[in-house]
2 protein chains.
Amino acid sequence: MDPNKKKISIAVIKRLPRYYRYLYDLLNMGITRISSKELSERMNITASQIRQDLNCFGGFGQQGYGYNVESLFREIGNILGVNETFNAVIIGAGNMGQALANYGNFEKRGFKIIGVFDVNPNIIGNKINNLTVMHMDKLDEFITNNKVDIGILTVPYDQTPVVAERLAKLGVKGLWNFSPMDLELNHDVVIENVHLSDSLMVLGYKLKEMRNKENKK
Amino acid sequence: MDPNKKKISIAVIKRLPRYYRYLYDLLNMGITRISSKELSERMNITASQIRQDLNCFGGFGQQGYGYNVESLFREIGNILGVNETFNAVIIGAGNMGQALANYGNFEKRGFKIIGVFDVNPNIIGNKINNLTVMHMDKLDEFITNNKVDIGILTVPYDQTPVVAERLAKLGVKGLWNFSPMDLELNHDVVIENVHLSDSLMVLGYKLKEMRNKENKK
DNA sequence: TAGATTGTTAATCGATTAACAATC
DNA sequence: TAGATTGTTAATCGATTAACAATC
């Protein structure tokens, strides 16, 4: 590894999509330049943090001027890889799987769903957003014949580790996991866990906290 | 505010649902006691962090013994409020709204969906998981007549701030926002943003990073 | 040139980890 | 009692914020 290039922390990476969204909005508003100060006010973070974050990847700004919205938008897009295409398969065509398959916005960001799989005979053969739900038996063949970068896991709890292992063995390098289970494989596989019920429970906690505060008044 | 009780950081809160899940699994495995060391190995975090986290809320353990799985599970559940009931309405019965309405697991954690709303005449009147989709015109009346704690926002981008404001004005204190937009209201409203495309973009970044590493070898 | 704002170094803050006395 | 493991304080680490020289 390049010893000069110090590792960029995950905290920074997680902020990039947010910058990207704000810049997209600015672009649509016809705003062509923005200073870190102005952006910091809109985003409710410090200007210092913005400059630190961006300078992890290079000097995108210009002293005395600020940042060009369009070029900064493009740069962050490049860092995030929105111009590359990532092919994904959805495993599990239940409620969540179907919702994700039907959601068109991912494609705009370079994520293309090219296959949907399930084991339920009542679902197999159904069309979801122009894709025919296939039986899991066809998974190996499909992945062998198609470049699949990402597996989207919307399977029942107990199936999650099994399917994850299977995908990893087939060479799928990225997993987007919707099961309430933390996936961690030792292989060279990157994982993003989306724990909806965790998020909901945090909301519940915050609500309780607020109620307590109200009652104390 | 109580000055003795120092504020518990959001980082700690966010780990609680994860502890809760692991303890639930341990309970199902018939394991009755666990030390922070053992749990740390399972969860891949430090034992020190576990003890620090838990001691934000009280001494749940016993020296020389460790933690009783069942009682720790119950304690964390109490902190998170799984025994309280939170009533929620879903605004936007599109793909995501329907998926969330159909997902039964939230109810187990005390979150009950009692109403689903939309503006699309083709959807209104449909049954989703025993709930009839209502027109947004009925929202005010519904919230006035029912205790609604949480608004689940699965509406299109441009509708998000409008609906959020409307819910806040009607006295809904918690918002679970699925729009790719950061909601922040000044009112006494707590918000959890779920940004699926942000998460996907982070996965894309990680994938790109891994590819680069592979190529360097 | 003067003013503005970056890039970057230094200071601060908070979160994580280590250590160990207390105690079951 | 001896061994184990907590609760808690202290040390470390990393991330955020502040400050300012560089420069457009």
Side-chain angles (χ1 to χ4, degrees), chain A residues 3-19 22-23 26 31-76 79 182 202 205, chain B residues 3-19 22-23 26 31-76 79 182 202 205:
Chain A
N4 317 36
K5 197 171 79 185
K6 52 185 168 302
K7 204 175 177 301
I8 291 151
S9 86
I10 190 69
V12 175
I13 306 303
K14 285 194 173 158
R15 280 193 291 268
L16 292 182
R18 186 150 182 264
Y19 290 128
Y22 273 81
L23 288 164
L26 289 170
I31 294 169
T32 55
R33 57 173 274 198
I34 193 147
S35 68
S36 59
K37 182 162 179 292
E38 216 182 314
L39 188 58
S40 82
E41 280 156 10
R42 285 176 186 273
M43 294 185 67
N44 224 11
I45 54 177
T46 63
S48 217
Q49 179 161 75
I50 293 173
R51 295 204 299 277
Q52 285 277 24
D53 283 353
L54 297 180
N55 276 90
C56 293
F57 304 97
F60 300 137
Q62 196 171 36
Q63 279 103 330
Y65 172 87
Y67 299 86
N68 178 281
V69 173
E70 197 188 329
S71 85
L72 186 58
F73 175 71
R74 204 174 38 235
E75 291 284 6
I76 294 180
I79 294 163
D182 304 288
V202 170
Y205 176 88
Chain B
N4 318 37
K5 197 171 79 186
K6 56 184 166 302
K7 202 175 179 300
I8 290 150
S9 84
I10 189 68
V12 175
I13 306 303
K14 285 194 173 158
R15 281 193 290 269
L16 293 181
R18 185 151 183 263
Y19 289 129
Y22 274 82
L23 288 163
L26 289 169
I31 294 169
T32 55
R33 58 172 273 201
I34 193 146
S35 68
S36 57
K37 183 163 178 292
E38 216 181 316
L39 188 57
S40 82
E41 280 155 11
R42 286 176 185 272
M43 294 185 67
N44 222 12
I45 54 177
T46 64
S48 217
Q49 180 160 74
I50 292 173
R51 296 203 299 278
Q52 286 276 26
D53 283 353
L54 298 180
N55 276 88
C56 292
F57 305 97
F60 301 136
Q62 198 172 35
Q63 279 103 329
Y65 172 87
Y67 299 86
N68 179 281
V69 173
E70 196 188 331
S71 84
L72 186 57
F73 175 72
R74 204 173 38 237
E75 291 283 6
I76 294 180
I79 296 163
D182 304 288
V202 170
Y205 177 87

Margin query: I'd like to compare against my own output: the B/S/- annotation of nucleotides 7-17 of chain D with a strict under-4.0 Å heavy-atom distance to protein.
Written below: BBBB----SSB
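Across B:P17 and B:I13, no two heavy atoms sit closer than the pair CD-O, 3.2 Å.
You'll find the side chain of B:Y19 stays beyond 4.5 Å of the side chain of B:L72, heavy atoms only. Taking the side chain as every heavy atom from C-beta outward, B:I76 and B:L54 approach each other to under 4.5 Å.
Helical stems in DNA chain C, defined as runs of 3 or more consecutive Watson-Crick or G-U wobble pairs with both donor-acceptor distances under 3.5 Å, are listed by first residue as C:3-24 with D:3-24.
We find the CD-CZ distance between B:E75 and B:F57 to be 11.0 Å, quoted to the nearest 0.5 Å.
Qualifying side-chain contact (heavy atoms from CB on, under 4.5 Å) partners for B:Y65, counting only residues two or more places apart in sequence or in other chains: B:R33, B:Q62, B:N68. Legend: residues meeting side-chain hydrogen bond (donor to acceptor under 3.5 Å, both in side chains) with A:E41, ordered by chain and number and at least two apart, are A:K37. When the side-chain hydrogen bond (donor to acceptor under 3.5 Å, both in side chains) test is applied to A:S36, the partners found at least two apart in sequence or on another chain are A:R51. Here B:E70 pairs with B:R74 under the salt bridge (Lys or Arg N to Asp or Glu O under 4.0 Å) rule; sequence neighbours left out.
For B:S36 and D:dT5, the shortest distance from a side-chain N or O to OP1 or OP2 is not below 4.0 Å.
Rounded to whole Å, the distance from CG on B:L72 to C1' on D:dT5 is 14 Å. In this structure, B:K37 places its NZ atom 13 Å from P of C:dA18, rounding to the nearest Å.
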